[in-house]
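Below: the structure, in structure tokens.
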Amino acid sequence: MDKKINGKQKIKEEYSSTEMLACVASNTLEDRKSVFVGTGLPMIAAMLAKRTHAPNLLLFFEAGGIGPEIPVLPISVGDSRTFYMAIAASSMHDSMSMAQAGYIDYGFLGAAQIDKYGNINTTVIGPYEHPKTRLPGSGGANDVGTLCNKTIIIMRQDKNRFVEKVDFLTTPGYLDGYNSREKKGLPDGSGPYRVITQLGVFGFDEKSKKMKLVSLHPNVTIEMIKENSGFDIIIPKDVSITKPPSKDELKILKKIDPAGMVIGK
Amino acid sequence: MDKKINGKQKIKEEYSSTEMLACVASNTLEDRKSVFVGTGLPMIAAMLAKRTHAPNLLLFFEAGGIGPEIPVLPISVGDSRTFYMAIAASSMHDSMSMAQAGYIDYGFLGAAQIDKYGNINTTVIGPYEHPKTRLPGSGGANDVGTLCNKTIIIMRQDKNRFVEKVDFLTTPGYLDGYNSREKKGLPDGSGPYRVITQLGVFGFDEKSKKMKLVSLHPNVTIEMIKENSGFDIIIPKDVSITKPPSKDELKILKKIDPAGMVIGK
Amino acid sequence: MGYIHIQKFEIRQAVLKQLGLPYHNIDQYVIGKGFSYIMGKKPTIVNNDGIKPIFPKDLKGSGCANKVEVAYSFGHELRGLSPSSRRAVETGKCKVVGEISNAGYQWRFLAAMMGLPFIPTRVMLGTDTFNKSSAKVIKDPFSGKPICLLPACYPDVAVIHVPRCDKYGNAQIDGITVEDFELSRAARRLIITTEKIIEIKTIREEPYKTIIPYYLVDAVIEAPFGSHPCQMPYLYFFDEEHIAEWLSLSKTDEGVAQYLEKYVYGVDEFKDYLELIGGSKKLAQLKRIEKLEEPMSAPWIKKLMENKK
Amino acid sequence: MGYIHIQKFEIRQAVLKQLGLPYHNIDQYVIGKGFSYIMGKKPTIVNNDGIKPIFPKDLKGSGCANKVEVAYSFGHELRGLSPSSRRAVETGKCKVVGEISNAGYQWRFLAAMMGLPFIPTRVMLGTDTFNKSSAKVIKDPFSGKPICLLPACYPDVAVIHVPRCDKYGNAQIDGITVEDFELSRAARRLIITTEKIIEIKTIREEPYKTIIPYYLVDAVIEAPFGSHPCQMPYLYFFDEEHIAEWLSLSKTDEGVAQYLEKYVYGVDEFKDYLELIGGSKKLAQLKRIEKLEEPMSAPWIKKLMENKK
């Protein structure tokens with residue numbers, strides 16, 4: 001991929017945007033923690049983490065697969081690859097109860113729209129009664145966003161997706177900010193932890209719970225971040241540059257997804 | 001056993017009081033229904049019913065044994081004989097949920113005390129804080145008495161056991177009678193169905209829910225019923241005589257309990 | 001007709017000839033054009049949830065559901081969204097009467113299984129998903145904090161496909177049970193379709209393997225490969241080529257009609273359907289894929305990736 | 001110390017040397033005079049329920065519990081009532097701080113497992129069992145009728161004996177699970193004792209057999225015959241002769257002391273205890289009884305019948 005950014009020299013990137021997302025997501029996960037994963041990029045990220053810095057990461061799938069040794073990329077959260085050589089092939093009641101009881105550290109979410117408090121829409125674009133576009137709905141998203149201790153959101157960023165107000169609040173972020181999440185009865189201390197887009201990585205202000213920039217991907221400027229958001233993002237003084245995928249990581253990604261099912265070519 | 005009753009001729013009874021209880025309890029059960037059984041007499045009664053008029057009776061044990069082919073008398077509701085060749089060896093959550101959802105037709109209970117509305121005490125004799133005698137407590141009794149559609153109570157009858165007010169209301173009968181059971185939130189239409197004692201069989205008045213005599217055991221008089229109760233029992237005009245154990249039933253009982261573990265000699 | 005819940009791995013061709021099957025009357029194997037029977041019945045609400053199957057999910061897109069309560073009902077995971085289901089809702093042909101989350105659905109079945117009016121949960125609080133659901137919020141009397149109450153859901157009919165059961169319906173399941181345990185106990189009528197019928201003796205020898213006991217079951221249908229084009233864990237994998245054909249055809253109403261004509265109305269028996277989708281050669285391949293002896297072949301993945309670019 | 005829940009089939013000699021065992025630190029096999037450790041700790045509340053075991057049920061009668069919440073805690077089913085437990089409560093040595101039903105206990109664990117403040121139920125309503133319990137009644141907001149709410153119960157420690165698990169604690173159970181599934185997920189600390197340790201590979205080959213996964217487990221103790229004098233389904237039966245000895249001795253405080261001296265303080269290792277109760281000959285007999293190759297021998301039954309007369 002060749003790009004000209006900010007008048008700088010053309011830079012030959014040795015990785016795709018999807019590979020970048022997968023690696024950043026992977027690096028967000030810690031060893032000896034548990035993660036609630038869906039298929040697609042979250043699965044790739046979790047598998048990469050397990051093969052690099054987090055070999056003891058425990059995977060939960062909502063349909064009941066727990067701690068599998070994934071042989072090939074699953075295409076569904078109920079796919080038997082999600083409980084291949086697992087430590088338990090259980091039920092949704094079990095997985096979701098474990099999440100609700102606070103056993104699950106990380107959860108992944110996708111989003112069609114997000115607001116500054118990390119509230120997510122995956123239900124409809126347009127008015128609910130006469131939707132312009134009907135999206136998948138909550139599925140397990142509301143559950144993951146409510147119950148996992150730290151939620152990681154992976155999505156594409158632009159003005160139509162980073163919005164002042166989501167068309168439909170499918171999955172709770174910090175609701176109206178500050179302590180409004182806890183006040184509504186959602187688990188203490190849980191909530192969105194990171195938002196990972198093609199441009200950067202975002203976190204949330206500890207007190208106001210407003211979205212703030214954590215790191216810029218290589219060759220991305222703060223202006224680009226602002227241009228691609230419908231709300232103000234807190235820009236701290238010290239913004240780091242996201243660590244790009246290492247050669248090792250890229251090699252492992254190819255092994256995890258040789259056909260490019262998710263990662264692409 | 002030889003007895004002289006009411007000035008009548010001595011009658012040589014060919015069955016014991018326990019055998020009588022077992023057979024009456026057995027005959028109360030219907031084929032193609034389900035029953036929640038404990039160990040002891042209920043187990044004997046259910047096994048007898050299965051081997052006589054109710055071959056398709058479905059047995060539930062609170063610990064999770066469902067539909068077993070009982071090889072020898074279990075001594076505990078968690079005993080593996082309660083799930084020997086069962087159709088399911090499940091859990092207490094499953095059994096109790098099935099009962100709460102209305103799947104279980106009959107349930108058996110014992111009692112240290114009972115009142116006229118079929119309320120039962122198996123917790124303490126004397127004041128709760130300083131009990132004269134500490135009894136087993138609810139165990140599964142409250143569950144059976146609350147959830148099964150028709151409860152069958154097997155107990156010894158005398159003035160200290162058939163009482164105006166139980167020392168402790170462990171398991172609900174019809175509470176204060178009439179519709180008070182439903183008003184408290186207990187399942188509609190459920191409640192005590194029969195009380196079987198060494199003297200007779202009792203039911204409950206449809207409206208007031210007060211205990212009424214259904215049948216007298218052979219050689220028992222209405223006076224004996226009254227003498228052995230601390231409250232007034234409704235005596236209808238037509239009271240039948242309980243069918244005594246048949247020779248076949250007695251033979252099967254011997255096979256079910258050859259050592260006389262429950263039935264005695 | 002009221003509420004139909006159709007579960008993962010279910011048989012798409014079979015079923016529902018006779019909904020009022022009496023208890024125990026389970027020697028009547030009903031295999032036929034069940035899909036069209038469902039269509040003929042026009043159930044008012046189809047209660048279909050998340051992770052589940054390919055075709056029943058698209059019931060609404062096939063014109064046989066006019067109201068739905070949805071958790072994850074418009075997507076096919078990595079394969080993308082469902083064109084027909086989205087079209088049905090976006091054009092107003094099918095109305096979404098309620099939103100819920102996957103856990104929410106699961107626990108509504110748990111409440112029903114337990115004979116309870118509701119089950120509490122922490123999910124859904126503070127969201128539009130809650131606002132469009134049948135749940136309520138109360139103050140937890142123990143902590144004083146808000147808690148969400150999910151009302152029990154008793155589907156009128158549920159269909160569950162299992163690897164094996166006896167002729168009375170006592171069923172074992174290998175792998176995850178998803179919500180089979182709770183759903184089978186919540187449904188008013190339960191139809192079991194099975195890869196094979198085994199002896200009751202086998203069930204009784206390992207009673208702890210029984211997930212669904214016979215007294216929950218209204219009908220048993222023996223239907224090898226009955227989960228096609230979906231997966232049966234440890235036996236065969238998704239038929240991604242067939243799924244791709246459906247997803248492609250279902251982009252238009254004409255395509256849907258064409259698909260139904262070919263695979264539903266056009267076949268008399270389930271075995272004819274299995275011939276049509278590729279016969280024993282295809283089925284053997286799906287077995288090999290499930291056993292990891294052969295990589296999955298999935299045309300939609302490539303298309304998906306191209307669309308993304 | 002707070003709440004200890006001791007489960008059916010548990011090992012009576014083992015355990016609890018170190019309650020704060022770190023996660024994963026499960027190669028420390030702790031077999032010893034656990035009973036006395038429990039006694040030394042004087043837990044304030046022993047949460048012991050219904051159907052369960054012979055000795056832990058009588059903890060209070062052994063002087064090592066001064067408060068109990070009870071469902072079925074004073075009886076030994078067909079064997080009769082527990083003399084020591086009744087004496088402890090009747091003399092005021094041990095206080096009953098709460099009553100509950102068996103289902104109530106089970107569902108309090110379900111609430112804890114689900115991370116909920118409470119689970120609703122229809123049991124206990126309208127009774128003194130409810131009045132002496134920790135439950136509350138509310139008006140069900142869906143139907144307007146009263147419903148009972150059982151607060152979650154998180155035991156500080158639970159001990160569960162299983163037929164087999166791997167060294168990480170992934171455990172399979174044959175036969176009924178009673179409340180093991182929910183309890184293992186509710187307990188803050190979980191100690192697994194097992195008939196044998198198997199390879200994790202075996203666990204992974206049939207993952208649907210795992211009832212208790214490793215992340216719930218704080219310690220694993222290999223203890224063949226660890227359930228003695230209770231039963232291990234499919235492996236060995238209750239030792240009714242030993243149980244009779246206990247029931248007989250425990251009629252007096254001196255008898256309890258005598259029993260503890262002989263079988264708890266008097267033995268150094270669990271294998272010494274097994275020798276003391278009859279060694280390999282007795283254990284072989286219990287195996288035969290479980291397999292129905294030999295009838296049960298139970299002195300207490302005869303006594304019970306005589307007492308009844």
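Convention: sequence-line order gives letters A, B, ...; per-chain numbering from 1.
More than 12 non-hydrogen atoms from other residues, nucleotides or ligands lie less than 6.0 angstrom from CZ of Phe225(C). Other residues, nucleotides and ligands contribute more than 12 heavy atoms inside 6.0 Å of the NZ atom of Lys209(A). Other residues, nucleotides and ligands place no more than 12 heavy atoms under 6.0 Å from the CZ atom of Arg156(A).
With a threshold of 4.5 angstrom between heavy atoms, Leu125(C) approaches chain A through its backbone and through its side chain. Heavy-atom distances place no part of Phe181(C) under 4.5 Å from chain A, backbone and side chain included. Contacts between Pro131(A) and chain C at a heavy-atom distance below 4.5 Å involve backbone atoms as well as side-chain atoms. Proximity to chain C (any heavy atom under 4.5 Å) is shown, for Thr122(A), by neither the backbone nor the side chain. Contact of Tyr128(A) with chain C is made through the side chain alone, with heavy-atom distances under 4.5 Å. Contact of Thr133(A) with chain C is made through backbone and side chain together, with heavy-atom distances under 4.5 Å. Both the backbone and the side chain of Ile289(C) come within less than 4.5 Å of a heavy atom in chain A.
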* Criterion side chain to side chain contact (heavy atoms under 4.5 Å, CB included) on Phe74(C) and Leu135(A), from CA distance to verdict -> CA-CA 7 Å; Phe74(C) 300 91; Leu135(A) 300 168; over 6 Å; no
* Asked: Going through the distances and angles, do Phe168(A) and Lys132(C) end up as a side chain to side chain contact (heavy atoms under 4.5 Å, CB included)?
  -> CA-CA 10 Å; Phe168(A) 190 96; Lys132(C) 294 292 179 188; 3.8 Å; yes
* For the pair Thr129(C) and Leu169(A), evaluate side chain to side chain contact (heavy atoms under 4.5 Å, CB included) and give the outcome as yes or no after the intermediate values. => CA-CA 7 Å; Thr129(C) 307; Leu169(A) 203 171; over 6 Å; no
* **Stepwise side chain to side chain contact (heavy atoms under 4.5 Å, CB included) check, Asp180(C) with Met92(A)** => CA-CA 9 Å; Asp180(C) 295 348; Met92(A) 186 181 283; over 6 Å; no
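At a threshold of 4.5 Å between non-hydrogen side-chain atoms, the residues Asn142(A) and Thr127(C) count as touching. Between Phe130(C) and Pro172(A), every side-chain heavy-atom pair lies at or beyond the 4.5 Å cut-off. Under the 4.5 Å side-chain criterion, counting only non-hydrogen atoms from C-beta, Leu292(C) is in contact with Arg81(A). Two residues are said to be in side-chain contact when any heavy atoms from C-beta on lie closer than 4.5 Å; Asp188(A) and Lys145(C) meet this criterion.
Rounding to the nearest 0.5 Å places CD of Gln106(C) at 10.5 Å from CD of Glu62(A). Here NE2 of His93(A) is found 14.0 Å from CZ of Phe109(C). Values are rounded to the nearest 0.5 Å. Between atom CG of residue Leu78(C) and atom CE of residue Met43(A) there is a gap of 11.0 Å, rounded to the nearest 0.5 Å.
Side-chain N/O atoms of Gln100(A) and Thr121(C) include a donor and acceptor closer than 3.5 Å. For the residue pair Glu290(C) and Ser80(A), a side-chain donor N or O sits within less than 3.5 Å of a side-chain acceptor on the partner.
For the side chain to side chain contact (heavy atoms under 4.5 Å, CB included) test with Glu77(C), the passing option among Pro136(A), Ser76(A), Pro74(A) is Ser76(A); the others fail.
A salt bridge is defined here as a Lys NZ or Arg NE, NH1 or NH2 lying under 4.0 Å from an Asp or Glu carboxylate O, and Glu182(A) with Arg122(C) fails to meet this definition.
For chain C, the option among Asp79(A), Val72(A), Leu186(A), Thr146(A) with the highest count of heavy-atom pairs below 4.5 Å is Asp79(A). For the options Thr123(A), Thr170(A), Asp176(A), Leu175(A), heavy-atom pairs under 4.5 Å to chain C are most numerous at Thr170(A). Comparing Lys132(A), Arg181(A), His130(A) by how many heavy-atom pairs each has under 4.5 Å with chain C, the most go to Lys132(A).
Distance alone, capped at 3.5 Å, is enough to place a donor-acceptor pair between the Asp143(A) side chain and the Ala103(C) backbone. The main-chain N or O of Arg134(A) is found under 3.5 Å from a side-chain atom of Glu90(C) such that the two form a donor-acceptor pair.
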